[in-house]
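The chains referred to below are lettered A, B, ... by the order of the sequence lines, with proteins before strands, and numbering in each begins at 1.
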Amino acid sequence: MPELPEVETARRGIEPHLLKHAVTAVVVRNRNLRWPVSRSLIESLPGQRIDSVTRRGKYLLLHSPAGTAILHLGMSGSLRVLPADTLAEKHDHLDIVLDGGRALRLRDPRRFGTLLWTTGNPAQHKLLRSLGPEPLEGHFDGDYLFAKARRRKVAIKNFIMNSHIVVGVGNIYASEALFLARIHPQRAAGKVSRERYQALAKAIRKVLNAAIKAGGTTLRDFSRTDGEPGYFRQHLRVYDREGKTCERCGGSIRSRVTGQRSTYYCPKCQT
DNA sequence: AATCGCGCCTGACGGC
DNA sequence: TGCCGTCAGGCGCGAT
C-alpha cells in the first residue's frame, strides 16, 4: 500500500512526465472515488500546464496556473504514465491526458483514493491546512513530539500515526519505527520521555528514508510498473512477522490489534 | 481538546 | 468447486 515513501517514489516517477506539459483532457471512467471527482476539476484542469508536482504527507499536488489537483492514493491506488490510447483495465478509473500523447493513469481497486481540485493556496485546503510537519523536513524532532504528547493518554503508535501530529507515518512504518526506538506500541504517548522521543524521531526518519531509497530503484521504468509490491519487505523487522524471531534479542515477534489496526512488536525488547 | 469508532471498498483467504 | 464471512487498511467525520 502507498505509504509516504511510495508516494514520494510516485512523485519522483511522474514528475518528469508532467512538468511543463499541458493537460489536454481528463477521462473519468468511474468518478466514485472516496469523494466523487468534481465537475470543476473535469472542467478546469484541461488546458492547464503542470508547473510543479509536490507532496504534502501522502497527498500529491499537481500545480497549474488555474489551480491545484490534490491526489491521494488511498490504500490501493497506483499511478502510471503510459500512451494515452492504452486499453484501460478494470480499476483504471481515470486518466489525466497530456500533450505529447501520454496520460497519467490512476488505478485504485478499493477506491479509497481521491482527486480534488482547488483554486487558491492548496496549503490552506481543508484537508491540508491542519496537517502536522513533514517527518523528513525541518521542524520535526523529538522535542516537538515530546511537547505534543503532554498529557496525552493515547497509545504512542496511534499518536505517531495521527496526521495532525506528523504526516506520512502509516501502519507499517509506525511498527518499524517503534521497534527501532525500543518503545512498546501501547505505551501512553504522555508517558514517553524526551530522550525516547528523540530516538523515535530519529527512527521515523531512518525508516522512511530507507524505504524511499528502496523505492528509488523502481524509478527507472516507472511508466511500466506499478511499483513492485513488497520491495521494502525484506527490510521489515517486525511488521507481518508474528511468531518470527526478533533479530535484536531473539524473542518472538507478537501481533495485536490497536486502534483497529494490526500492530507488530517484540514484547521482550520494546518497553 | 482529545479520543474513539464508523464507513467507504475490493480482493485474498479460510472454512465448510 | 463454489459460496460466504472475515479481514485488511488511510483517514475524515461525527459522537462522546
Can you identify which nucleotide, out of dG10(C), dA8(C), dT10(B), has its nearest atom closest to the Ser262(A) side chain? dA8(C)
Single hit among Thr54(A), Val167(A), Ile70(A) for side-chain contact (heavy atoms from CB on, under 4.5 Å) with Tyr59(A): Ile70(A)
Would Arg237(A) and Glu247(A) pass as an ion pair if we require N to O under 4.0 Å? yes
Between Arg150(A) and Arg261(A), just flag the one whose closest nucleotide in DNA chain B comes earlier from the 5' side. Arg150(A)
Atom-pair distance (CG on Asn158(A); C1' on dA2(B)), nearest Å: 12 Å
To the side chain of Pro109(A), which of dG10(C), dA8(C), dT10(B) is closest? dT10(B)
Please determine if a side-chain N or O atom of Lys90(A) lies less than 4.0 Å away from the OP1 or OP2 oxygen of dG11(B). yes
Using heavy atoms to find the nearest nucleotide of DNA chain C for Gln260(A) and His164(A) separately, return the residue whose nucleotide is more 5′. Gln260(A)
Salt bridge between Arg254(A) and Glu242(A), side-chain N to carboxylate O under 4.0 Å? no
How close or far is atom P of dC11(C) from atom CG of Leu115(A), stated in whole angstroms? 16 Å
Within a strict 4.5 Å, meaning less than it, do heavy atoms of the Asp95(A) and Arg29(A) side chains meet? yes
Side-chain N,O (Lys126(A)) to OP1/OP2 (dC11(C)) below 4.0 Å: no
Which one, dG12(C), dT10(B), dG10(C), comes nearest to the side chain of Trp35(A)? dG12(C)
Would you kindly check whether a donor in the side chain of Arg110(A) faces an acceptor in the base of dA8(C), or vice versa, at under 3.5 angstrom? yes
Spacing between Asn171(A) atom CG and dA8(C) atom P, to the nearest angstrom: 10 Å
The side chain of Leu127(A) is closest to which nucleotide in this list: dG12(C), dC9(B), dC11(C)? dG12(C)
Tell me if the CZ atom of Arg150(A) is crowded by more than 12 foreign heavy atoms within 6.0 Å. yes
Under 4.0 Å between any heavy atoms, over every strand shown, what does Arg151(A) touch: base, sugar-phosphate, or nothing? Just pick one. nothing
Rounded interatomic separation in angstrom, taking CD1 from Ile165(A) and P from dA1(B): 13 Å
Would Arg187(A) count as a cation-pi partner of Phe159(A), with NZ or CZ less than 6.0 Å from the six-membered ring centre and within 45° of the ring normal? no
If you only use heavy atoms from C-beta on, which nucleotide in dG10(C), dT3(B), dA8(C) is closest to the side chain of Met161(A)? dG10(C)
Mind checking if Arg111(A) touches a base, just sugar-phosphate, or nothing, with heavy atoms under 4.0 Å? sugar-phosphate
Indicate whether OP1 or OP2 belonging to dA2(B) is found under 4.0 Å from a side-chain N or O atom of Lys153(A). no
May I have the distance from His72(A) (atom NE2) to dG9(C) (atom C1'), rounded to whole angstrom? 12 Å
Answer yes or no for this row: Phe112(A) ring on dC8(B) base, centroids under 5.5 Å, planes under 30°. yes
Counting the atoms with a prime plus P, OP1 and OP2 as sugar-phosphate, which does Lys148(A) contact under 4.0 Å by heavy atoms, base, sugar-phosphate, or nothing? nothing
Output the rounded distance in Å from CG (Asp108(A)) to P (dG9(C)). 16 Å
Glu89(A) CD to dT10(B) P, in whole Å, measures 17 Å
Taking only side-chain nitrogens and oxygens of Tyr59(A), does any of them come within less than 4.0 Å of OP1 or OP2 of dG12(C)? yes
Nearest whole Å is fine: how far is dC4(B) C1' from Lys157(A) NZ? 15 Å
Check every strand shown and say whether Phe159(A) touches a base, only sugar-phosphate, or nothing at a heavy-atom separation below 4.0 Å. nothing
